[in-house]
Amino acid sequence: MKKIPMRRCVVTNMSFPKNELLRIVKTPTGEVKVDVTGKLNGHGAYLKKDLEVLATAKKKKILEKVLETSIDDSVYQEIEKILHD
């Protein structure tokens, strides 16, 4: 039986299988990107694929605290677009 990698959502603080989460990465150059492949270099934070979780993260600035950088609205819009697909 294959082991399923588990990751912790930074908003809900619950562990989920990696494929149920979305990875947000602060690259070594300081950019913040949505990592759909899960393989980008840099410091990553995981979000549950849920619009309510995204709203909470944006309201409480959780991603900004975890990644220690300011996050542009375009990143949140990109995440929202991915969640709608």
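Every heavy atom of this structure was used, including side-chain atoms; hydrogens, water molecules and symmetry mates were not.
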**Item:** Distance in Å, Phe16 CZ paired with Met6 CE, rounded so as to fall on 0.5 Å steps
**Value:** 8.5 Å

**Asked** Are any non-hydrogen side-chain atoms of Lys33 and Leu40 less than 4.5 angstrom apart?
**Response** yes

**Item:** Contact check, side chains of Arg8 and Asn13, non-hydrogen atoms, under 4.5 Å
**Value:** yes

**Item:** Spacing of CG belonging to Leu21 relative to CE belonging to Met14, to within rounding of 0.5 Å
**Value:** 10.5 Å

**Request:** Supply the atom-to-atom distance Ile24 CD1 to Glu78 CD, rounded to the nearest 0.5 angstrom.
**Result:** 8.0 Å

**Request:** With rounding to the nearest 0.5 Å, note down the distance linking CZ in Arg7 to CZ in Arg23.
**Result:** 8.5 Å

**Asked** How long is the span from the OG1 atom in Thr37 to the NZ atom in Lys39, to the nearest 0.5 Å?
**Response** 7.0 Å

Could you give the side-chain donor-acceptor pairs of residues 49-72 under 3.5 Å, partners two or more places apart or in another chain?
from	atom 1	to	atom 2	distance (Å)
Lys49	NZ	Asn19	O	3.3
Asp50	OD1	Glu52	N	3.1
Thr56	OG1	Glu52	O	3.0
Lys65	NZ	Lys60	O	3.3
Asp72	OD2	Ser74	OG	2.8

**Closest non-hydrogen atom pair, Gly42 against Pro28** = CA-CD, 4.1 Å

**Asked** Which heavy atom of Leu22 sits nearest a heavy atom of Val36, and at what distance?
**Response** CD1-CG1, 4.5 Å

**Request:** Give the cluster check for Tyr46 versus Tyr76: same hydrophobic cluster or not, with ILVMFWY residues linked at side-chain heavy-atom distances below 4.5 Å.
**Result:** no

